[in-house]
2 protein chains.
Amino acid sequence: MLRLSKRVEYGLMAVLHMDQADEGAWTTAAELAATYQIPAELLGKVLQALGRAGILKSAHGAKGGYQLARPMDELVLCDVLEAIEGPFRLVRCQEEPHSCDQYEVCSIREPVLDIQQQLLEYLGGFELKAFRLKKRKINKRQENLCTTN
Amino acid sequence: MLRLSKRVEYGLMAVLHMDQADEGAWTTAAELAATYQIPAELLGKVLQALGRAGILKSAHGAKGGYQLARPMDELVLCDVLEAIEGPFRLVRCQEEPHSCDQYEVCSIREPVLDIQQQLLEYLGGFELKAFRLKKRKINKRQENLCTTN
DNA sequence: ATCAATCCCGACCTTTTTTGTCCTAATTTC
DNA sequence: GAAATTAGGACAAAAAAGGTCGGGATTGAT
Ligand code: SF4
Ligand code: SF4
């Protein structure tokens, strides 16, 4: 099943939230967890991963929290994805050849690797700022609907 | 983890194999399982799914087996993928809205849906015949290497 | 008609991955 | 020092993927 993991979804929500927070403000994990109904401890780990990847800055102690290390305009989907799940790999032989029983007789490895490469580049094209723009679009659309109703 | 499932890999191997088999020949599941060291019963299910999706034709009884229902040139990665795993969905709320605790407060649904759509179109661009071509390329590359060595 | 080869399919078990929880530091502010 | 907060390891629960088994149906050969 080619599906976004919950962690990545949590990470995206967090980043988007901080993008829309006041400049320089610190957002706490507890606050995010409450807002988006996410298990706090789990969200914590996601935020830590984003921190380690240099996407977020963190501040310990009371009055601490997280904020974007760089503006969201410079981020793409792939950044968040790989920060949380590690490098993007379409097939497991990429990390450990011996973890696959078919390695010796596999007829699809090379072409699939090629696809992975192309896909990775394509994923680099999804800018997170589209999340912001999309939101405006939706609002606009709703306004239009209201006008028609 | 955004990774191709084993079933899809098995399906791709099977399709590629039949593409390279003699015109009109029937390939059996047992034969494929032996060649690619795949658990026979599991491969069976994959082939059945491909059959239901109209990618393969099957023949019961002795001398039976599978063959491509249409030439591989008309197939794309997405065909095999969806035949085996069902429709491509990047997020779970697409199938069952209530399966997600964050549905009511989700801030990323719309943009992610948009990405799913684009990705789906992009996946439609990966033609399976590239698997054939790639194979030739590899052989060529190896020849070149041999020449240099 | 029987038999062997083969596809079909549901039920089940096992392993792996994902998701979630708990608990204990370490850091900072008040 | 107490409270708020991040950091992170260990573990439990749930879900998904992978694999196995057994019974049935269809076909061709003997
Ligand atoms: S089947 Fe082929 S492509 Fe898939 S993991 Fe094994 S070796 Fe890699
Ligand atoms: S978090 Fe949002 S996008 Fe993800 S499944 Fe729930 S509703 Fe859909």
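Convention: sequence-line order gives letters A, B, ...; per-chain numbering from 1. Side chains are part of it too, since the values below use all heavy atoms of this structure and drop only hydrogens, waters and symmetry mates. Nothing here was measured: the structure is a model prediction, and the numbers come from that model.
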How close or far is atom P of dA12(D) from atom CG of L42(A), stated in whole angstroms? 18 Å

With sugar-phosphate meaning primed atoms plus P, OP1 and OP2, does G65(A) contact a base, only sugar-phosphate, or nothing at under 4.0 Å between heavy atoms? sugar-phosphate

Protein-nucleotide distance (E85(A), atom CD; dT17(C), atom P), rounded to Å: 13 Å

Return the CE to OG1 distance between M13(B) and T35(B), rounded to the nearest 0.5 Å. 11.0 Å

Value for CZ (R109(B)) from CD (Q116(B)), rounded to nearest 0.5 Å, stands at 12.5 Å

Under the 3.5 Å rule, do the base of dG20(C) and the side chain of K45(A) count as making a donor-acceptor pair? no

Ignoring backbone atoms, test whether R52(B) places a side-chain nitrogen or oxygen under 4.0 Å from the OP1 or OP2 oxygen of dC9(C). yes

Between Y10(A) and dT18(C), does any side-chain N or O lie under 4.0 Å from OP1 or OP2? no

Shared ILVMFWY cluster between L113(A) and L119(A), side chains joined below 4.5 angstrom? yes

Please state whether the phosphate of dA7(D), meaning OP1 or OP2, lies under 4.0 angstrom from any side-chain nitrogen or oxygen of S58(A). yes

Nearest listed nucleotide, side chain of T28(B), among dG18(D), dC7(C), dT27(C): dC7(C)

Any side-chain donor-acceptor pair under 3.5 Å between E85(B) and S5(B)? yes

Per atom distances to the K63(A) side chain, the nearest of dA5(C), dC30(C), dC7(C) is dC30(C)

Can you tell me how far the CG atom of L77(B) sits from the CG atom of L4(B), to the nearest 0.5 Å? 6.5 Å

To the nearest angstrom, the NE2-P distance between H60(B) and dA25(D) comes to 12 Å

Can you measure E96(A) atom CD to dT16(C) atom P for me and round it to whole angstrom units? 12 Å

On DNA chain C, does the nearest nucleotide to G64(A) precede the nearest nucleotide to V8(A) from the 5' side, or the other way round? Give the residue. V8(A)

Nearest nucleotide by nearest heavy atom, which residue falls closer to the 5' end of DNA chain D, A62(A) or L2(A)? A62(A)

Would you tell me if any nitrogen or oxygen in the side chain of R3(B) comes within less than 4.0 Å of OP1 or OP2 on dA17(D)? no

Nearest-angstrom distance from the residue atom NZ of K6(B) to P of dA17(D): 14 Å

For G51(B), report the nucleic acid contact type (base, sugar-phosphate, nothing); a contact means any heavy atom under 4.0 Å. nothing

Protein-nucleotide distance (L50(A), atom CG; dG8(D), atom C1'), rounded to Å: 15 Å

Using a cut-off of 4.0 Å on non-hydrogen atoms, how would the nucleic acid contact of A59(B) be classed: base, sugar-phosphate, or nothing? sugar-phosphate

Atom-to-atom span, CG of D101(A) to C1' of dT16(C) - whole angstrom: 14 Å

Could you check how far CD of E41(A) sits from P of dT5(D), rounded to whole Å? 15 Å

